There are 2 protein chains.
Amino acid sequence: MTEESDRREEILEAALEEFSSKGFRGATIKSIAKAAGIQSPALIYWYFQGGKEELLQAVLARHAPVIQALRHPETLMERPPEEVLPMIARAYLATANSPIPQRLARLVIGEALRRPEVADMVAKRGAVRGLWFLKTYLEHQVELGRLRPHDTRSSARALIGMFVPQAVGDAFLPALKESDGLTDEEHIGTSIGIFLRGLRPEGITAEGAEKAWGVVE
Amino acid sequence: MTEESDRREEILEAALEEFSSKGFRGATIKSIAKAAGIQSPALIYWYFQGGKEELLQAVLARHAPVIQALRHPETLMERPPEEVLPMIARAYLATANSPIPQRLARLVIGEALRRPEVADMVAKRGAVRGLWFLKTYLEHQVELGRLRPHDTRSSARALIGMFVPQAVGDAFLPALKESDGLTDEEHIGTSIGIFLRGLRPEGITAEGAEKAWGVVE
DNA sequence: TAACACTGATTGAACGATTAGTCAAGAGGA
DNA sequence: TCCTCTTGACTAATCGTTCAATCAGTGTTA
């Protein structure tokens, strides 16, 4: 259960590479076999009797934990948004800049366009969980009086959404970032600044908030 | 030049339908012919000598004006953000809910993943133009003293990004919106509220702003 | 009017290439 | 010998594309 065959792992790696760059239909069993360094496509059927389809499922399953991610140590819950939100934004944009998650995103997006099950998996395991965590965190901060009361379903979407164009630029449309040269850190600073100021309770200034909640940096 | 053959138009329609639902590779010349109501795939080669590839290019070219869109009547420039931003958000989400733009988005996203030229077209004709308009508008509002000074490259991204999760939910991941039932109008109200409050000049209240700038609704 | 030819539009059948998947046989240890 | 792993050769189907033939009009000529 724990020890996977080396060959199987090699095939899965090659399949992710091929599927993500060429798409499910564009990648052929032979090209995957070649990329995995094996002589015959027949060997793939020894490890994945279900053929190409099972291979795709196995690749997705192989990285499902990564997709889930965003394990939320409850420690974050108590820390103030001035600290937590930039952390989340940095983690998000860092993911968009890493090769494996990029390939996974290419594969998953491409397949989600045609396969409702994949779209559903993305929505439920990825998006809904992420939004649920953000919403819970923001609600808790409202209860603590650090943010003014509002609809956290909406603010959770708005918060993560603010970084989507930049992430898409990183991962898929380099021309977008080149157009004005906005760096990730600049964007994080400005947009979280707007977000927090927009949700600051009445009559509280930035300096007062930092002192009251013990912001580290 | 103006009068296109009916048949050619029928084939283009069928091709958009097929390409967007099955992808470029997934859609076959025969299935497109069938969807267009013609008996033989050979007819497609009479109208598009370049074959399947030219057919794809023709479908994209057919709707290029729609992709550009966002013609910006200068009248918008002078009107206050309390009016303009919800208008933009509504137009954006309405587009995400319309069938033809949805199909186009499916096709374009799917192809942009594998074809750098398509990705570049999306970035330059779509994203960069849209961001440039928003940035210009926001800068102008800063000059008018209706928003406090800030990096408008970042706020333009943040603004349009806030609606991306909702738009994606509309067009691709229905499970996302079902998860908490947030409506488009609720989201527009809350998130633009946060955005505007976050960018309000120092010492100006919401009521004061509305009276000073003559917000209609 | 009738026969004809020309042109654009449409068809069914076929070709060659490529694909996912199969199979029997072999290699190499235990 | 037995079992796991690996291979090259093969199959059956499907794909994009080509091609010769045909159809429907539309003048043109006798």
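Only this structure's heavy atoms are used, side chains among them; waters, hydrogens and symmetry mates stay out. A, B, ... follow the sequence lines: proteins, then strands. Residue 1 opens every chain. Model, not experiment: these values are computed from the prediction.
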Length of the line joining Y45(B):OH and dC19(D):C1', which is rounded to integer Å:
13 Å

What is the distance, to the nearest angstrom, from the CH2 atom on W46(A) to the P atom on dT7(D)?
13 Å

For the residue pair I194(B) and S155(A), what are the closest heavy atoms and their distance?
CD1-CB, 3.8 Å

Could you tell me how far apart K34(B) (NZ) and dC15(D) (P) are, to the nearest whole angstrom?
12 Å

Separation of dC19(D) atom P from Q49(B) atom CD, nearest Å, is 14 Å

Answer with base, sugar-phosphate or nothing: what part of the nucleic acid does A33(B) contact at a heavy-atom distance below 4.0 Å?
nothing

Looking at E53(A) and R115(A), does any basic side-chain N land under 4.0 Å from a carboxylate oxygen?
yes

Nearest-nucleotide check on DNA chain C, A42(A) vs F24(A); residue mapping nearer the 5' end is F24(A)

Go through dT18(D), dA20(C), dT7(D) for me and flag the one nearest to the K52(A) side chain.
dA20(C)

Between C1' of dT11(C) and CD1 of I29(B), the distance in whole Å:
16 Å

Whole-Å distance between dT4(D) P and D6(A) CG?
18 Å

Please determine whether a side-chain nitrogen or oxygen atom of Y47(B) lies at a distance below 4.0 Å from atom OP1 or OP2 of dT10(C).
yes

Atom CD1 of I32(B) and atom C1' of dC15(D): how far apart are they, to the nearest Å?
12 Å

If you take all heavy atoms of L131(B) and L176(A), which pair is closest and at what distance?
CD1-CD2, 3.6 Å

Name the closest nucleotide to the L43(A) side chain, picking from dT19(C), dT7(D), dT17(D).
dT7(D)

Nearest heavy-atom approach of L147(B) to P81(B) is CD2-CG, 4.1 Å

Can you tell me how far C1' of dT17(D) sits from CG of L55(B), to the nearest Å?
14 Å

Between dT11(C), dG21(C), dT10(C), spot the one nearest the side chain of R7(B), thanks.
dT10(C)

Check every atom of dT11(C), dA20(C), dG8(C) against the side chain of I38(B) and return the nucleotide holding the closest atom.
dT11(C)

Considering heavy-atom distances to DNA chain D, does G26(B) or K30(A) have its closest nucleotide positioned more toward the 5' end?
K30(A)

Nearest listed nucleotide, side chain of S40(B), among dT19(C), dG8(C), dT11(C)
dT11(C)

For S191(A) against H187(A), the heavy-atom pair lying closest together
OG-O, 2.5 Å

